[in-house]
2 protein chains.
Amino acid sequence: MNPDELSPVAQDYLKVIWSRTEWGAPPITTGELAQRFGTSAANVTETLKRLDAQGLVARIPYKPVELTEAGAQCAIAMVRRHRLLETYLVEALGYDWDEVHDEAERLEHAVSDTFIARIDAILEHPTADPHGDPIPDADHRWAHPEDARRLASVTGSGRFRVLVVSDADPEVLRTARELGLVPGVELDVDAGESGAAGAGPLVRVLGREGVEVPGSVAEGMLVRPIV
Amino acid sequence: MNPDELSPVAQDYLKVIWSRTEWGAPPITTGELAQRFGTSAANVTETLKRLDAQGLVARIPYKPVELTEAGAQCAIAMVRRHRLLETYLVEALGYDWDEVHDEAERLEHAVSDTFIARIDAILEHPTADPHGDPIPDADHRWAHPEDARRLASVTGSGRFRVLVVSDADPEVLRTARELGLVPGVELDVDAGESGAAGAGPLVRVLGREGVEVPGSVAEGMLVRPIV
DNA sequence: TCATGAATTTAACCTACCTTAAATATGGTC
DNA sequence: GACCATATTTAAGGTAGGTTAAATTCATGA
C-alpha cells in the first residue's frame, strides 16, 4: 500500500512504531506512543484500533504493538522520505544538522513520489542522512550494521566509529557536534565500569582530547567497534 | 495572523477566495467554492461560518464571500508560498510547467517560513512564478499591472504581451506552450468581432505564424496591450 | 494466592470536515 | 406583486482525531 493513501496521523504512527525496533529495541507500548506524540494513552488506543482495522498493525490489547508486513512497507517508505528530505535540506538548502528534523517531519506528509525521486537523483542516491541513519532505497532495502550499539551501553574500553546520532532531540545534536561526535568519527572509548554502576550518566571518550559525553548524548548515539 | 495556525482547509479557502479577485473579478460565491473544491455547497457554508467566526472572512448569508484584512494577509502569505514553491520546483528540481501546481498545492501547507525564506534567497527573490503570476514579497506587496485583461475578452486587433497563463488546468498549460504562448511573448492579436458573437470560442493570434487559440486557453491567459 | 499500583482500555463527549435531504431565501419574469 | 427556478442554508448524520474520567487488566511482591 502506498503511504499517500494514509492520513498524516497514520503515517506518523507507522514510522514511529517501525523506528523503535530499527536497532533491535523491543516493540513500542501504548504509553510510549502517547508520550512521543504528546497525547493521551486513550487516544493512542483508539488510533491503534483504526490502524489494526486497516491491517497496518497487529494489535493485541495490553501488549506492545507490532506492524504487519503492509504496515512495515508504508513505514519504511515514510522513513525513506524523512531521511532523504533531511539530507536535501542540509545539502541543498543549507539547513543545520539540528534544524532539519521538524521540517522533514512536516514535509514527509506532503511530498509526492515524484518529488522524492527527483531529490534522490539530485543527491545521487545517498545511503545515509546527515545524522548517519541509513536511507532505505526505492526498493525498501537499507544497510543495517548488526554490531551497532548505543554509546551509553559500552563498557570497558576500545575503539569505535560513530554511526548515527539520533535526530530526535536538537539539543543532543548540538552537543554532539560541539564535542566533535559526528557520523564517521573514530573514538577511543574508556567507559570504566559504567555498566556496573547501573545507568551511569557519564561516558569518557578519548579522541584528540579527552571529553566527557553527557548521558543523554551517549544514549542517542550508535557506535560500531572497529576491529 | 500567521497562516501556520490555520488548518489546511482554511488555508485553501482563503487562497482561493483571494485569488478570485486578484485580477478584478467579483467576489466568489458559495457554489463556485463548492465546485472548486469538489464538495457540496452545504459543506462550503459550514466552513465559511467557521472562517467567519475566526474573523478571516466577512460573511453575509446568500452573498458572495469577502476576506477580512486578517484573512487577506493569510491568503497573500499562502499565495506567496504557492508561487515561490512553483518557481523552485521548476528552477531547482526540473519540474515541467504543467506539473508544479498540484505539488505546490500540497507543499504550501507543510513548509515553514524558514523554508520559504531559503528558497526565496536561492532563487534571488523572484517576482513572477513560471506561469507569470506575480509573487508577493515578504511584506505582502506584489506587482499588479492595472491594464491586464483576459485574451478571451480582447476584441478587434492590436499588439499585446502575455503576462500570465493560469496554472489551474494543466491541459491549458500544455496547449499554451505548444502554441508558444508563454509569459513575456509578444502577440499580434486579431480577434475579429468575437465580442459581438457572444462568447466566441476562438481568438486569432498572429505571431511568427498565425495560430488559433482555443477558447479555454484564451480564457486562462492574461495579456497587456503594448503601447 | 491475593492485594495493589501502574498501564491500558472503555465511556462519554468535543471539533473539524464531510455527506445527503429538506427547507428557505434570492433574483428575475410575467 | 406573485411566482418560479436556482442558489443557499439548515438539519441530521458519519468519520478521524482529540479530550477527561472511570473501569479494567497486568505484573508483581507479600
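So you know, we letter chains A, B, ... as the sequences are listed, proteins then strands, and number each from 1.
- In this structure, B/R59 atom CZ and C/dA25 atom P are separated by 14 Å, rounded to whole Å.
- In this structure, the separation between CD on A/E86 and CD on A/E108 is 8.5 Å, given to the nearest 0.5 Å.
- Between A/S40 and D/dG18, a side-chain N or O to OP1/OP2 separation shorter than 4.0 Å is absent.
- A sub-4.0 Å separation between OP1 or OP2 of D/dT9 and a side-chain N or O of B/T30 is present.
- Atom CG of A/L48 is separated from atom C1' of C/dT8 by 11 Å (rounded to the nearest Å).
- Counting non-hydrogen atoms under 4.0 angstrom, B/T45 reaches a base of the nucleic acid.
- Contact annotation: A/K49 side-chain N/O to C/dT10 OP1/OP2 distance is under 4.0 Å.
- With the nearest nucleotide of DNA chain D identified for both B/G31 and A/Y13, B/G31 has the one nearer the 5' end.
- A straight line from CG of B/L33 to C1' of D/dT9 spans 15 Å, rounded to a whole angstrom.
- Rounded to a whole Å, the OH atom of B/Y62 is 5 Å from the C1' atom of D/dT9.
- Judged purely by atom type and a 3.5 angstrom limit, A/R106 uses its side chain to pair as donor or acceptor with the backbone of B/A110.
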Q. Which parts of nucleotides 11-17 of chain D does protein reach within less than 4.0 Å, heavy atoms only, written one letter per nucleotide 5' to 3' as B for base, S for sugar-phosphate only and - for none?
A. B----SB
Q: Before giving the answer on side chain to side chain donor-acceptor pair (under 3.5 Å), spell out for A/D167 and A/H82 the whole-Å C-alpha distance, their side-chain angles and the decisive distance to 0.1 Å.
A: CA-CA 11 Å; A/D167 64 347; A/H82 183 89; 3.3 Å; yes
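- A donor-acceptor pair shorter than 3.5 Å can be found between the side chains of A/D12 and A/H109.
- For residues 3-46 of chain B, the set of pairs meeting the ring pair (Phe, Tyr, Trp, His ring centres under 6.0 Å) definition, not counting sequence neighbours, comprises B/Y13-B/F37, B/W18-B/W142, B/W23-B/H144.
- The interatomic distance linking B/E5 (CD) with C/dA16 (C1') rounds to 17 Å, in whole Å.
- Contact annotation: the side chain of A/L6 approaches that of A/C74 to within less than 4.5 Å [non-hydrogen atoms, C-beta and beyond].
- One N or O on the side chain of B/R80 and one on the backbone of B/P136 form a donor-acceptor pair closer than 3.5 Å.
- Atoms CG (B/L6) and P (C/dA16) sit 12 Å apart, rounded to a whole Å.
- Counting to the nearest Å, the P atom of C/dA7 and the CD1 atom of A/I28 are 15 Å from each other.
- Rounded to an integer number of Å, the gap from B/Q35 CD to D/dT6 P is 15 Å.
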